[in-house]
Amino acid sequence: VIVGAGECGGRAAFALRQAGYDGPVTLIGEEPHHPYERPPLSKAILTDDNEPSPRWMSLPEALAEQRIEIVTRTSVNAIDRVGKRVSLSNGQSLAYDKLLLATGALPRALPMAPRPSERVAYLRNFSDALRIRAHLKPDSHIAIIGGGFIGLELAASARKRGADVTLIEAQPRILMRGVPEAIAGVIAERHVSEGVQLNCGIGLAGIAEEQDGVVVTLADGRRVNADCVVVGIGASPVTGLAADAGLAIDNGIAVDRLLQTSDPNIFAAGDCCSFPLDIYGGRRVRLESWRNAQDQGPLAARNMLGAAEPISAVPWFWSDQYDLTLQVAGLADGAASVVRRDMSDGAFILFQLGGDGRLLAASGIGRENAVARDIRLAEMLIAKRAHPLPEQLAAPEVKLKALLAA
Ligand code: FAD
């Protein structure tokens, strides 16, 4: 039984079949849809000229062909670990041999506007995207709270549809978490040149919905009049079900290197779980990234069948804004030293090296796919625990592929 029919749960279901499991597989999701991709929700779904539909991760026919039973519009309310059963919101209960929790994450709520309303939106699922999309038109004004990935991608999409955008970020700069300042600077400059009103280092005093709009008051008294406010201030892992069942929680459902929770019959994967990463000395992390969900679903599936395969993937994330693509591989630590490699057309990569010279992370920015190949190679160097020389990393004529072979 798989709880959560998102990227991770969906991939896990197919992977069970690929690994040769022949018994029943049930995928239970509270959304009305079968699994679909979330990254387009802040991108193409908002900017498509035609009325959009979800970008399906799997079609019902593919699920049926693999004999994966999908139960939509239904949540799992409780786990009976002794009886090995889950109870569903439709009143039924279901027995499991192995259970995978792929419950994802939900947007963090802003205390002064904790719930979505007519003019205050959060973005996590397809219907959120449709509601926001309805406000994105020339002459409308969107206020975005939060200069993280979701807020910034939304700003770019809103500008593409001709809406005015004011973005408010409490931190001194956008993308404070996980993106080096020089790269955040390029992204900020681009938003400003596209006409986004960017306000960093300023808090909120209030949000008031009025009949024909919403007023955001900043801490310095300035007022921003908008047709719609979208809050993008981060996400929290969905752990309630696991916590109620007595499973260990530590910034997400705590799993070991095999994605097993504190109950050997229950696994967790994707945005909802935190796990130790061997390549970073066992550091416990939780990732909210599409590829992580895509990798961990199948890994959990194989391990539920007894493969005992540890997590080995290097964290990787991308974001598209205008024609810029940012990619980040690995995990930096605060003390890392930074080496810059300039490429053509303004693209560049920042490599972060640990005190012992080991490559820990690489972040790149450029138009379209400009940095994709080198970030992929950097990811392989990180996986190899390589210690490339800073002067070689800095020199664009030195091929990363050659460093990998060295
Ligand atoms: P989810 O996709 O959240 O799926 C979990 C599912 O479980 C949900 O459908 C939820 O309703 C369901 N569920 C929860 N509890 C229960 C329950 N008790 N019973 C039944 N069902 C339950 N990542 C990138 O790397 N690059 C990007 O550009 C990018 N863009 C993004 C844009 C947006 C707008 C969003 C929201 C995310 C984006 N991501 C991006 C992140 C990526 O989409 C997520 O990391 C990925 O979807 C996580 O997959 P998941 O299956 O773990 O969780």
Side-chain angles (χ1 to χ4, degrees), residues 1-13 26-46 54-55 57-58 70-79 86-90 94 99-108 121-130 132-133 146 148-154 156-157 178 230-232 234-245 252-253 259 268-275 286-298 300 315-321 324-329:
V1 170
I2 301 171
V3 187
E7 185 73 39
C8 183
R11 301 269 170 198
T26 310
L27 182 59
I28 305 161
E30 61 196 2
E31 290 190 61
H33 308 289
H34 51 279
Y36 62 91
E37 305 287 355
R38 252 172 249 284
L41 298 180
S42 47
K43 310 175 185 78
I45 299 286
L46 299 180
R55 304 294 196 267
M57 193 217 94
S58 63
I70 176 144
V71 186
T72 55
R73 299 175 197 270
T74 303
S75 52
V76 171
N77 290 339
I79 306 168
V86 289
S87 8
L88 313 187
S89 56
N90 62 12
L94 202 61
L99 181 68
L100 173 62
L101 302 176
T103 49
L106 282 176
R108 199 171 295 144
Y122 287 82
L123 178 53
R124 183 73 194 180
N125 59 39
F126 183 66
S127 54
D128 296 336
L130 288 188
I132 293 169
R133 182 186 154 90
F149 292 111
I150 301 272
L152 292 164
E153 289 185 0
L154 177 62
S157 298
V230 188
V231 181
S236 309
V238 175
T239 57
L241 180 66
D244 290 348
I253 304 167
L259 293 169
D271 280 17
C272 68
C273 77
S274 73
F275 55 93
R286 189 176 70 79
L287 302 177
E288 286 166 20
S289 102
W290 174 81
R291 198 164 82 187
N292 178 60
Q294 223 188 29
D295 288 345
Q296 285 195 345
W316 178 85
F317 182 88
W318 96 97
S319 173
D320 293 332
Q321 296 163 43
L324 291 177
T325 295
L326 156 77
Q327 292 200 15
V328 182

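Read the numbers this way: they start at 1 and go in the same order the structure lists the ligands and their atoms.
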N or O contacts of ligand 1 with protein under 3.5 Å, please list pair by pair.
{"from": "ligand 1", "atom 1": "2 (O)", "to": "R38", "atom 2": "NE", "distance (Å)": "2.6"}
{"from": "ligand 1", "atom 1": "2 (O)", "to": "R38", "atom 2": "NH2", "distance (Å)": "3.2"}
{"from": "ligand 1", "atom 1": "3 (O)", "to": "R124", "atom 2": "NH2", "distance (Å)": "2.7"}
{"from": "ligand 1", "atom 1": "4 (O)", "to": "R38", "atom 2": "NH2", "distance (Å)": "3.4"}
{"from": "ligand 1", "atom 1": "9 (O)", "to": "E31", "atom 2": "OE2", "distance (Å)": "2.6"}
{"from": "ligand 1", "atom 1": "9 (O)", "to": "R38", "atom 2": "NH2", "distance (Å)": "3.2"}
{"from": "ligand 1", "atom 1": "11 (O)", "to": "E30", "atom 2": "OE2", "distance (Å)": "3.2"}
{"from": "ligand 1", "atom 1": "18 (N)", "to": "V76", "atom 2": "O", "distance (Å)": "3.1"}
{"from": "ligand 1", "atom 1": "19 (N)", "to": "V76", "atom 2": "N", "distance (Å)": "2.9"}
{"from": "ligand 1", "atom 1": "21 (N)", "to": "E30", "atom 2": "N", "distance (Å)": "3.2"}
{"from": "ligand 1", "atom 1": "23 (N)", "to": "W290", "atom 2": "N", "distance (Å)": "3.3"}
{"from": "ligand 1", "atom 1": "25 (O)", "to": "W290", "atom 2": "N", "distance (Å)": "3.1"}
{"from": "ligand 1", "atom 1": "26 (N)", "to": "W318", "atom 2": "O", "distance (Å)": "3.0"}
{"from": "ligand 1", "atom 1": "28 (O)", "to": "K43", "atom 2": "NZ", "distance (Å)": "2.6"}
{"from": "ligand 1", "atom 1": "28 (O)", "to": "W318", "atom 2": "O", "distance (Å)": "3.2"}
{"from": "ligand 1", "atom 1": "30 (N)", "to": "K43", "atom 2": "NZ", "distance (Å)": "3.2"}
{"from": "ligand 1", "atom 1": "45 (O)", "to": "D271", "atom 2": "OD1", "distance (Å)": "2.7"}
{"from": "ligand 1", "atom 1": "45 (O)", "to": "D271", "atom 2": "OD2", "distance (Å)": "3.2"}
{"from": "ligand 1", "atom 1": "45 (O)", "to": "S289", "atom 2": "N", "distance (Å)": "3.1"}
{"from": "ligand 1", "atom 1": "45 (O)", "to": "S289", "atom 2": "O", "distance (Å)": "3.3"}
{"from": "ligand 1", "atom 1": "51 (O)", "to": "E7", "atom 2": "N", "distance (Å)": "3.2"}
{"from": "ligand 1", "atom 1": "51 (O)", "to": "C8", "atom 2": "N", "distance (Å)": "2.9"}
{"from": "ligand 1", "atom 1": "52 (O)", "to": "D271", "atom 2": "N", "distance (Å)": "3.0"}

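Remark: P315 pairs with L277, Y280, L287, L331 by the side-chain contact (heavy atoms from CB on, under 4.5 Å) rule, at least two apart or across chains. Residues meeting the side-chain hydrogen bond (donor to acceptor under 3.5 Å, both in side chains) test with S274, sequence neighbours left out: R284. For R108, the salt bridge (charged side-chain N to carboxylate O under 4.0 Å, His left out) test picks out no residue, with sequence neighbours left out.
With hydrogens and angles ignored, the 3.5 Å screen pairs a side-chain donor or acceptor of R286 with a backbone N or O of D271. A distance-only check finds a donor-acceptor pair linking the side chain of Q296 to the backbone of G270 [under 3.5 Å]. One N or O on the side chain of S289 and one on the backbone of N292 form a donor-acceptor pair closer than 3.5 Å.
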